Every structure is written in structure tokens, then in C-alpha cells.
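Read the structure below first, then the notes.
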Amino acid sequence: MATFEATAETAAKNLESGRTLRELSDLVTPMAIRVAITLRIAQKIDVGRLTAEVLAADTGTDADVLERILLHLVTVGVLTRNERGEFGLTRIGEDMLVESGKAANPPWLDLNTVAGRAELTFTRLLDVARTGKVAYSAQYGTSFWDDLTRDTSSGTAFDLVMARGMERRIHEIAKAYDWGSLGTVVDVGGGNGTLLAGLLHAHPGLRGTVLDRHAEPALRTFKDAGLSERATAISGSFLKPLPPGAGGYILSRIQSDWNDADVRTILGHCRKAAEPQGKIIIIDEFATEEGVRCNSEDDLRMLVYYGGKERTMEQVRALATDVGLSVESLRAAADWTIMELVPTEL
Ligand SMILES: C[S@@+](CC[C@H](N)C(=O)[O-])C[C@H]1O[C@@H](n2cnc3c(N)ncnc32)[C@H](O)[C@@H]1O
């Protein structure tokens, strides 16, 4: 019921603001903004490079084409232009300074980054519906994850975004479960080690390992946090067998990046490594039980970037059951859920 009300509210907002279907489906403005961000136009305006000629010379672009792009940004209220042909930033235009990396933000809207490239694959959405192929791999001939490995600055930016989301919740996660009782954990796909470092700080008896595509970012985190005695990291893939014998195998924000078959593979590897006593612990924000995506935009991103999906708790439970895991407990941690799984007889 709440779902229908929310939908009606969004529809009413669109009506009130006069947004048309054309505007809702516009590709012109998003691309013009992304081009301006990629070319660092806001930074140049900020230091007094103001006309299309000067900006084009600075950016190696055609002055006429650049001017037409920037004039569109004037039309939509991102830039201003005076009678001398000088461009300026509106309040919203100033956000381009942040989005293109002047502040600590990773440059998500920069077309040269992996995230920027990933958004462009939405132009293949119809293809995805018809063929089920992962748009990112179809477009670039490499997976999102392999591209993050290739482009280390995009990789670091991605880790940072993940780490920020984790830092906001780590206190709640650390106290919501008796992590210390596990003795040792493997944080499977643990990124730069922010979660494991937080758990080790809160549970002095715990030791752990991050397994991710690259060990270096997590090793650096542990060294900086003075945790190298109790934490380590290894490079590897969770699509292959995992190091056995830990008390817990953590999968934090992993399942939604993968299709059902891959999630079964990953959970199956965790189960095998955890046998006979270990636990598998999923930390995630699940889609709501009404069957409506908690975030439909992210759900479609999961689809085109990696062939993944936002799943309800029941959908994850069903995949776990398929590989012989049952839910032992569910705990809330901030707006996320900790799902504890244990091996059952297959
Ligand atoms: C959405 S991030 C989650 C990171 C971290 N667990 C967290 O919650 O902040 C997904 C992680 O999976 C890692 N990853 C992707 N493919 C992998 C693979 N085949 N094997 C191991 N890790 C992988 C990525 O490098 C990334 O760190």
C-alpha cells in the first residue's frame, strides 16, 4: 500500500513541477553536464578562463561546439553568460567543482572514469532486456571489475565510496553481532579493509583476512591502523575456492553485484570453506518485502554494470537454501541487516 502511495506522490511531484515525459527521458542535459565535468570547465571558469574560445583552447575542443554545449548549460541553469560572452557558475553549476574532483569526492560524472563509462552503458538497456547480456562487458569487452583493476585511480575512488558508506555504519555493525565469538573471519570481497578494521577495533580478540581482487588497499588500511598483527589481506577471487577454516565468512554488499548463478557459486565457496562449524554472514541493504526495489535506480545499475540485482531478504535466503545454508539469525545494524547463515545437510 505504502508503495502505491509513494508512486502517486512521485507522479504528483512531476505534475506539479511541470516535468514532461520528454524531460524525464532527456539525454541531452546529462551528457552536456558530463562533458563539462570531464573537461573541468567549472574549474577553469573558477580561475577566470571565461569565454568559449579560451575554454576551447584550454581543453583542446572545437570552440563552436563547446560554446553550443555551454549555452545549453546556460539554458538549464547550470551556467550563466554575460554580454561579453563570458561564462559563470550558478549555484548548481558550482557543484561541478565538487563532482569533478576539486573536493574529496570521486569524479563519478567524469566520462573517463570507470563509473562514468559505466553510466554510458544505459544506452544498451534495450539490448540487456533482449539478450540478458551484461551491458558493461558488451560495450567495453571487459568487466566492470577488470576495468577497475586496470584504472587504479577509479579503483581507489570506488574503494573510497564504499569505505565512506561503511564508516557511517561500522559502529552499529560492530555492536550488533558477537564478532569476537568467531575467532577469525575472512571478509570476502572486503575492499580496502574498512569493515574488518572497524570490527577488529571493537573486538580485540578477533583476527581476520580480507580477500579481494587486490590485497594492497586493505594491507595499507591495516598498517595505517596499527592492525597488521591481527589482520592481513590476500589477492584472489571469490568465484574460486576460498581459504578454509575461519570462524566466519563475511559477504558485505556483494550479492547484489552478481546474478543468481554467481551468488550460488560465491555462497557455495563460503559454505565449503566454513565447514563444519563456521558461519557465513551477509551484511546488506535488502530490497523491501513488497517486491518493490528499495532503490530501483541502483537495481538497474546493478543490472547494466554487472548483471546483478537488488534482492529481497527472501530472495537471498532462497539462494542460500539452494547451496545448503540456512538463516540462523537476522539483526538490524543501522539501515542494513546482518544475516547469519549456517551450513545444513544438503
Ligand atoms: C560493492 S563492493 C563491497 C566492498 C565491501 N565488502 C563493502 O561492503 O564495503 C564489492 C567488492 O567486491 C570485490 N570483488 C569484485 N569481484 C571480485 C572477485 N571476483 N573476487 C573478490 N572480490 C571481488 C570488489 O573489488 C569490491 O571490493
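Keep in mind that the numbers below use all heavy atoms, side chains included, and drop hydrogens, waters and symmetry copies. As the structure lists them, so they are numbered: ligands from 1, and atoms in each ligand from 1. Remember, it's a predicted structure, so these values are computed and weren't measured experimentally.
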Minimum-distance pair of heavy atoms, taken over all atoms of Lys309 and Gln315: NZ-NE2, 4.4 Å
Atoms of ligand 1, numbered as shown, that sit under 4.0 Å from any heavy atom of Gly191: 27 (O)
Salt bridge (Lys or Arg N to Asp or Glu O under 4.0 Å) assessment of Arg301 paired with Glu297: CA-CA 6 Å; Arg301 283 208 172 91; Glu297 212 175 289; 3.4 Å; yes
Close N or O approach (Phe238, ligand 1; < 3.5 Å): yes
Under 4.0 Å to a heavy atom of Met166 - the qualifying atoms of ligand 1, by number: 7 (C), 8 (O), 9 (O)
Closest approach of any protein heavy atom to atom 19 (N) of ligand 1, naming residue and atom: Ser237 OG, 3.1 Å
Note: Arg271-Glu275 ion pair, threshold 4.0 Å (strictly below): yes
Check against side-chain hydrogen bond (donor to acceptor under 3.5 Å, both in side chains), Thr113 and Asp110: CA-CA 6 Å; Thr113 66; Asp110 182 332; 5.2 Å; no
Nearest heavy atoms of Leu341 and Ala320, plus distance in Å: CD2-CB, 3.9 Å
CD-CD distance between Glu310 and Gln255, expressed to the nearest 0.5 angstrom: 7.5 Å
Residue-ligand contact Gly236/ligand 1, heavy atom below 4.0 Å: yes
Short N or O distance, Gly189 and ligand 1, threshold 3.5 Å exclusive: yes
Contact check: Asp257 vs ligand 1, nitrogen or oxygen atoms, below 3.5 angstrom: no
Heteroatom distance test (Ser252, ligand 1): nitrogen or oxygen, under 3.5 angstrom: yes
Cluster overlap Val188 with Ile338, hydrophobic side-chain contacts below 4.5 Å: no
Close approach, Trp258 and ligand 1, non-hydrogen under 4.0 angstrom: yes
Protein heavy-atom partner closest to atom 15 (C) of ligand 1 - residue, atom, separation in Å: Trp145 CD2, 3.5 Å
Nearest heavy atoms of Ala332 and Ala176, plus distance in Å: O-CB, 3.7 Å
Atom 26 (C) of ligand 1: the protein heavy-atom neighbour that sits closest, reported with distance to 0.1 Å: Asp212 OD2, 3.7 Å
Identity and separation of the nearest protein heavy atom to atom 12 (O) of ligand 1: Ile254 CD1, 3.6 Å
Asp159 N/O under 3.5 Å from ligand 1 N/O: no
Identity and distance of the protein heavy atom lying nearest atom 9 (O) of ligand 1: Arg253 NH2, 2.8 Å
Where Arg124 and Ala135 come nearest, the two heavy atoms and their spacing: CD-O, 3.7 Å
